[in-house]
Number of protein chains: 6
Amino acid sequence: MSNDTYYAGGTEVRLFEQAFHRRVPVMLTGPTGCGKTRLVEHMGTLLGRPVVTISCHDDLTSSDLVGRFTVTGGDVVWTDGPLTRAVKTGAICYLDEVVEARHDSLAILHSLTDHRRALYLDRAGEVVHAPDEFMLVCSYNPAYRSSLKELKPSFRQRFATLPMGYLPSDREAEVVVAETGIELAAAHRLVQCANAIRTADAAFHFEPPSTRVLVTAAQLITAGASELDAAEACILAPLSTDGAITEGLREVAAASLL
Amino acid sequence: MSNDTYYAGGTEVRLFEQAFHRRVPVMLTGPTGCGKTRLVEHMGTLLGRPVVTISCHDDLTSSDLVGRFTVTGGDVVWTDGPLTRAVKTGAICYLDEVVEARHDSLAILHSLTDHRRALYLDRAGEVVHAPDEFMLVCSYNPAYRSSLKELKPSFRQRFATLPMGYLPSDREAEVVVAETGIELAAAHRLVQCANAIRTADAAFHFEPPSTRVLVTAAQLITAGASELDAAEACILAPLSTDGAITEGLREVAAASLL
Amino acid sequence: MSNDTYYAGGTEVRLFEQAFHRRVPVMLTGPTGCGKTRLVEHMGTLLGRPVVTISCHDDLTSSDLVGRFTVTGGDVVWTDGPLTRAVKTGAICYLDEVVEARHDSLAILHSLTDHRRALYLDRAGEVVHAPDEFMLVCSYNPAYRSSLKELKPSFRQRFATLPMGYLPSDREAEVVVAETGIELAAAHRLVQCANAIRTADAAFHFEPPSTRVLVTAAQLITAGASELDAAEACILAPLSTDGAITEGLREVAAASLL
Amino acid sequence: MSNDTYYAGGTEVRLFEQAFHRRVPVMLTGPTGCGKTRLVEHMGTLLGRPVVTISCHDDLTSSDLVGRFTVTGGDVVWTDGPLTRAVKTGAICYLDEVVEARHDSLAILHSLTDHRRALYLDRAGEVVHAPDEFMLVCSYNPAYRSSLKELKPSFRQRFATLPMGYLPSDREAEVVVAETGIELAAAHRLVQCANAIRTADAAFHFEPPSTRVLVTAAQLITAGASELDAAEACILAPLSTDGAITEGLREVAAASLL
Amino acid sequence: MSNDTYYAGGTEVRLFEQAFHRRVPVMLTGPTGCGKTRLVEHMGTLLGRPVVTISCHDDLTSSDLVGRFTVTGGDVVWTDGPLTRAVKTGAICYLDEVVEARHDSLAILHSLTDHRRALYLDRAGEVVHAPDEFMLVCSYNPAYRSSLKELKPSFRQRFATLPMGYLPSDREAEVVVAETGIELAAAHRLVQCANAIRTADAAFHFEPPSTRVLVTAAQLITAGASELDAAEACILAPLSTDGAITEGLREVAAASLL
Amino acid sequence: MSNDTYYAGGTEVRLFEQAFHRRVPVMLTGPTGCGKTRLVEHMGTLLGRPVVTISCHDDLTSSDLVGRFTVTGGDVVWTDGPLTRAVKTGAICYLDEVVEARHDSLAILHSLTDHRRALYLDRAGEVVHAPDEFMLVCSYNPAYRSSLKELKPSFRQRFATLPMGYLPSDREAEVVVAETGIELAAAHRLVQCANAIRTADAAFHFEPPSTRVLVTAAQLITAGASELDAAEACILAPLSTDGAITEGLREVAAASLL
């Protein structure tokens with residue numbers, strides 16, 4: 001069974017494909033671990049394009065994206081960065097958690113995301129025109145509302161935005177089985193446990209458990225851990241370090257698990 | 001049909017041309033995506049001058065503008081930056097979103113924007129006098145009122161300021177058709193949808209949808225997406241991540257679209 | 001007697017081992033000096049893997065983790081950092097006090113802690129795939145609640161979290177004896193003194209005394225210091241510089257010690 | 001007609017000249033565009049000294065002023081900065097908007113502005129004694145009262161301060177004619193318009209229009225723009241982006257212009 | 001008479017020696033100038049170990065402590081920093097005012113101050129194991145309560161803490177005589193003056209006068225200054241620049257001095 | 001007539017000399033332009049020692065003080081900074097406005113200002129012992145009470161502090177005559193004017209006029225300026241940019257001057 005199955009029903013695959021064919025950049029939004037990275041990898045396979053992934057962070061400079069001069073054998077030579085390589089090879093370039101990047105680093109994307117579709121390497125004195133196959137994809141998690149950093153509206157308007165959420169329960173359980181080889185019934189219990197906590201989320205204001213933590217818990221269970229121990233380590237403990245909250249969540253979890 | 005058509009009726013083309021002939025620098029102001037970059041490219045064609053575009057950002061140093069010493073084959077040589085190249089070749093140099101630049105980087109522009117019309121390359125020990133054909137154009141979006149950064153009055157007074165707004169509805173629909181090949185009727189519906197949201201803007205305090213997002217939505221529609229799906233991804237989703245607001249906007253959009 | 005004895009009863013050794021075999025990264029949490037570093041060293045011995053320890057701090061760059069270009073004999077060569085070396089040799093890489101690290105440095109860990117299990121060395125243009133034996137372990141102390149820095153939920157969800165606490169009294173006394181050769185009775189008095197202060201902790205809001213300070217105090221005692229002098233120097237003085245509080249703690253300590 | 005005419009009546013030319021002959025540094029103060037730069041150039045001509053202008057900004061280091069070591073052909077050689085060159089050649093060195101400079105950069109001026117009249121190049125291990133012809137001139141705009149940066153009193157006391165204001169109306173109109181070739185009557189209308197806005201300034205708290213913007217407006221008028229269009233672009237638009245204020249100013253302007 | 005005399009009665013010499021023999025790092029605390037540096041030098045003599053002193057400050061990097069790569073004759077070679085040299089030679093390494101250091105620089109000390117007793121030179125790819133003779137000593141002044149910087153509890157718990165205070169009056173007078181050759185009676189008057197101000201300290205909230213300032217005052221007296229002039233310059237003037245407070249202190253001082 | 005005359009009556013010359021002979025560092029305090037720099041130069045002449053002056057500022061690094069490695073002819077060589085040169089040659093090293101320096105730069109002075117009298121060049125791996133002739137002198141203006149920066153008490157206690165004030169009127173007038181050749185009567189009027197403003201200072205809270213501004217005003221008067229014009233430019237204008245205050249000061253000044 002290939003990963004392709006999981007996305008066949010959603011509109012995101014179709015809209016992503018349409019954006020690709022019309023050279024429209026795409027912005028994926030949604031909670032942690034809901035499958036944004038996997039969707040990009042899936043689309044790379046589907047569209048026959050390599051995927052270049054860049055994890056964004058505070059200290060990512062535009063040189064880290066486009067390249068820099070380096071010294072080799074006494075001479076100074078230009079070395080392309082991952083974005084430049086992606087443009088030149090017509091890859092899908094995926095900027096994960098783009099909201100974390102310094103905004104000045106994002107300015108280099110302006111000319112790539114409008115009608116120019118070109119990368120201006122001012123320091124190298126070169127302009128790289130993107131082939132039709134090149135596609136830029138970014139992602140961020142809008143739930144971090146308290147963050148000091150926000151993407152500028154003018155930046156968001158450069159993308160077709162595809163909001164993503166958690167998978168439906170049955171599908172999520174299937175993913176957990178496929179990733180870990182756990183029994184389907186146990187996978188269903190883990191999903192049920194996650195959904196109970198996700199529902200309680202509005203009251204607690206923490207980041208709800210992702211599909212990823214269910215996979216991690218299932219890994220420990222298949223290695224011999226009890227369901228409660230695994231859920232404690234992988235689902236509950238990362239949510240909060242406040243003893244009272246953890247106690248409450250433990251009761252919620254215990255109601256679902258063996 | 002050339003881009004020239006779209007600007008024939010406004011005063012901005014005429015004032016821009018007069019400023020060019022009297023060597024007066026120009027400041028373009030207006031909302032995101034209203035066509036500032038396109039106007040500069042249009043004027044470059046009209047006046048027969050190349051356009052050098054520089055996207056401003058927090059980390060743009062004056063060296064990025066004027067050039068720097070680099071090491072080649074063991075020797076240190078000066079390499080002109082894009083502004084210096086623009087001055088030397090008599091180009092139109094366009095500093096996009098100039099308010100984003102560090103103010104110290106802008107000091108280098110002082111001698112270019114008064115009667116001296118010269119670039120002082122202090123580090124290279126050189127003075128570059130601008131030919132008559134050289135023109136400096138800057139832009140910014142005054143709607144970001146909450147921004148901590150503001151252009152100094154003494155800087156703004158160095159430019160003739162041309163405020164720009166959205167195109168009239170008919171013209172905007174024509175642009176969308178010309179860019180994407182969408183049917184005129186669908187383009188009109190997209191413009192109507194955008195205008196409805198722009199009117200609601202005062203209440204919601206977000207950056208209103210630009211012509212650019214209408215073009216993006218039209219791209220998806222011509223690729224087979226429904227008008228509502230395309231508007232959801234390209235017009236509504238970038239506006240806000242607040243569920244209640246998005247719900248309200250969706251009703252506004254649905255009233256205009258098929 | 002080996003260190004292995006001390007952990008045989010807890011669940012942390014078993015869960016750590018299960019995580020290792022299923023390639024799940026582990027996050028250790030707990031108060032200062034409760035034995036997190038020792039557990040990692042113990043597990044390295046148990047699993048037959050070398051341990052590479054990295055103390056995190058504000059100024060740790062991703063280059064310090066993965067490596068950098070350095071100049072040797074006129075040429076520029078890439079030198080692996082400790083994380084890269086750990087990945088290549090299939091070691092247990094232990095990031096101590098990970099919450100202290102700059103978050104941008106942590107972004108490099110994303111691809112190592114999901115299904116990719118790979119290190120992307122963007123600057124060297126290389127991808128290092130982790131062998132099955134490689135394991136990432138991080139630790140932090142959640143009691144620093146007032147800290148401005150917090151691990152992002154999406155980061156915490158990448159790990160199985162094992163909370164650790166103080167050892168039971170008898171076991172803690174055995175550790176103190178094994179480390180210092182102090183008499184068992186004196187070790188028990190030191191543990192009793194520590195427990196009395198730990199209980200008073202809720203009122204005083206300081207970091208409670210760790211097993212480490214008991215070992216240090218026992219070192220001075222075996223060198224000839226009185227129990228009260230040693231406790232004063234190693235247990236009480238580091239807790240607070242407020243004279244009144246220290247006075248109160250001295251009475252608590254005097255009740256347990258000779 | 002030479003520029004010399006415009007300043008013949010003021011005391012600033014005479015005091016500037018006296019300061020030059022007694023080797024007293026001069027500080028020019030006054031609103032944006034009132035002619036500080038022009039006065040310095042005028043005095044350079046009058047006193048037969050070259051003028052070296054340095055635009056100050058946040059990022060100007062003392063190395064940018066005095067010079068630095070650079071690598072040429074494998075050797076490290078000292079290269080004088082503009083201030084050092086000005087001292088060595090006995091020029092008038094003009095630091096424009098000195099309040100913008102980092103204060104640490106200004107410390108290098110201390111020994112130049114007291115009885116020592118010498119520049120200490122600590123890094124080059126050299127002392128440069130200023131010839132009698134060398135003069136230091138600085139300027140700033142005291143109207144930026146809200147600025148976080150202020151010149152230290154001990155720094156201001158090192159200079160003879162010459163406050164400058166707008167030219168008298170007739171003289172200002174003459175300057176506009178001389179610079180642009182506009183008709184005298186139109187120049188008078190522009191000056192009248194500016195004076196009306198300058199009078200309204202106390203209420204609006206913006207930087208009032210300078211002689212420079214009148215020259216810019218006159219440039220557009222001589223190129224064919226209407227007086228109102230030119231005033232809108234060059235005088236009103238730079239003042240404020242608040243629609244209501246601009247509306248009010250437009251009425252004030254319309255009362256003066258054709 | 002040797003310095004050894006002064007410390008013979010306190011517990012600090014004995015505890016310091018016990019810590020040295022059991023390889024426990026020591027933290028000295030106490031007011032400015034109470035003799036922390038002297039105690040370390042005294043212990044170095046007593047224990048027969050060289051002392052390497054490092055004054056901590058905001059800008060001390062871990063490279064300043066452990067070493068760095070430098071370029072010599074075209075090659076890049078590693079140069080040990082003072083901490084590394086101290087470890088290799090089995091010296092007493094004294095970090096003066098450790099609270100002033102950047103906390104990230106202190107992380108390098110973790111592995112030196114627990115059971116590992118090793119210095120990890122990540123950049124040089126080397127581990128230096130401390131010989132038994134190596135000892136780490138730090139100091140700070142807890143009276144700077146208003147300081148933004150505080151040592152982390154987990155850091156303080158790594159040390160045996162020895163609090164130090166002023167010497168008893170007779171002993172302090174002896175120190176002043178031994179250092180300066182002043183008459184004993186005058187030394188007693190200076191100590192009496194200092195004690196009067198130290199007692200008034202609670203009301204004035206300034207750093208009380210140290211033994212060091214008494215020595216400095218005695219130096220001026222032996223050079224011919226009057227006791228009041230010397231006390232004014234060395235004891236009173238450094239305490240406060242507030243005229244009223246200084247006036248009050250002068251009366252306090254005059255009551256003790258000739 | 002030599003400068004020596006002016007200080008013969010004060011205690012500062014005598015205390016400075018006593019401090020020099022007992023190797024005690026000196027801190028000069030007092031208002032701007034009261035003659036601190038001149039006193040140091042005077043003492044250099046009197047004691048037969050060269051004076052090395054360093055103007056402190058925010059960006060002064062310890063490398064700027066002690067020296068750094070530089071590249072010459074392909075090799076890396078150490079170059080002494082001004083402080084190191086001063087120590088080696090037994091000069092008087094004068095740190096002007098020491099409060100402006102970064103505190104980390106001042107840490108290098110600790111070992112020079114206590115019983116060690118040595119400079120530790122950690123990076124060069126060298127210890128420079130100060131000869132008896134070496135003397136460290138610092139200065140700052142305590143009137144900047146609002147400053148965020150303050151010297152630490154432990155730093156101030158390392159110096160004998162000599163507070164300086166304005167010269168008596170007759171002496172100040174003599175200085176003005178000696179520096180400029182102005183008539184004695186006019187010099188007295190300038191001093192009278194300054195004293196009137198200094199008296200009004202408490203109400204206005206500005207930095208009072210220094211002897212330096214009287215000298216500057218006298219320079220313009222001897223060049224032909226009227227007393228009022230010279231006082232306006234050199235005494236009043238630097239004090240305040242507030243029109244109302246300047247008006248009030250002008251009346252005060254007019255009462256003293258011709």
Side-chain angles (χ1 to χ4, degrees), chain D residues 11-12 14-30 61-63 69 71 74-78 102-111 113-116 118 120 122-125 127 140-145 150-163, chain F residues 31-33 37-38 41 53-60 64-65 68 70-74 79-82 85 96-97 100-102 141 143-144 179-180 206-210 212-213 215-226 229-230 232-242 246:
Chain D
T11 61
E12 59 265 33
R14 206 179 58 238
L15 282 167
F16 195 114
E17 207 172 347
Q18 290 163 344
F20 174 78
H21 289 304
R22 302 294 293 191
R23 291 171 296 286
V24 172
V26 160
M27 176 72 76
L28 301 175
T29 64
T61 66
S62 58
S63 292
F69 285 106
V71 182
D75 273 328
V76 175
V77 297
W78 175 265
R102 286 162 49 180
H103 288 184
D104 59 276
S105 301
L106 301 182
I108 199 77
L109 302 176
H110 290 181
S111 58
T113 50
D114 58 24
H115 63 284
R116 291 173 286 179
Y120 290 82
D122 284 344
R123 287 176 186 170
V127 179
Y140 78 105
N141 181 351
Y144 291 140
R145 267 175 239 165
E150 278 224 45
L151 290 176
K152 290 203 304 178
S154 66
F155 187 77
R156 289 204 307 260
Q157 293 198 3
R158 290 166 178 278
F159 295 83
T161 302
L162 306 187
Chain F
T32 299
T37 300
R38 297 229 165 192
E41 295 186 343
T53 300
I54 302 168
S55 293
C56 295
H57 55 77
D58 258 20
D59 222 40
L60 189 83
D64 290 331
L65 291 174
R68 53 167 55 81
T70 54
V71 182
T72 309
T79 306
D80 283 340
R85 287 196 302 268
D96 193 15
E97 295 287 347
E100 298 296 325
R102 286 162 49 181
N141 181 351
Y144 292 140
E179 296 270 334
T180 66
F206 42 68
E207 173 81 10
S210 63
R212 180 183 293 143
V213 303
V215 169
T216 314
Q219 295 281 22
L220 295 195
I221 293 167
T222 57
S226 77
D229 276 358
E232 176 89 31
C234 303
I235 304 178
L236 303 184
L239 289 180
S240 167
T241 57
D242 180 316
T246 305

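Residue numbers start from 1 in every chain, and the chains themselves are labelled A, B, ... in the order their sequence lines are given, proteins ahead of strands. Please read all numbers here as calculations on a predicted model, not as lab measurements.
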What part of D:Arg23 is in contact with chain F, defined as an atom under 4.5 angstrom from a non-hydrogen atom: side chain, backbone, both or neither? neither

Comparing D:His110, D:Arg158, D:Met27 against chain F, the one with the most heavy-atom pairs below 4.5 Å turns out to be D:Arg158

Where the side chain of F:Glu179 meets the backbone of F:Arg212, is there a donor-acceptor pair that is under 3.5 Å apart? no

Chain F heavy atoms under 4.5 Å from D:His21: which part of the residue, side chain, backbone, both or neither? neither

I'd like to check D:Phe155 versus D:Leu106 (side-chain heavy atoms, cut-off strictly below 4.5 Å). Are they in contact? yes

Which of the residues D:Ser111, D:Pro25, D:Ala160, D:Ala19 is involved in the greatest number of heavy-atom pairs with chain F at under 4.5 angstrom? D:Ala160

Sequence neighbours excluded, which residues qualify as side-chain contact (heavy atoms from CB on, under 4.5 Å) partners of D:Arg22? D:Val24, F:Thr180, F:Gln219, F:Thr222, F:Ala223

What one should report as the nearest heavy-atom pair of D:Gln18 and F:Ala225 is OE1-CB, 3.2 Å

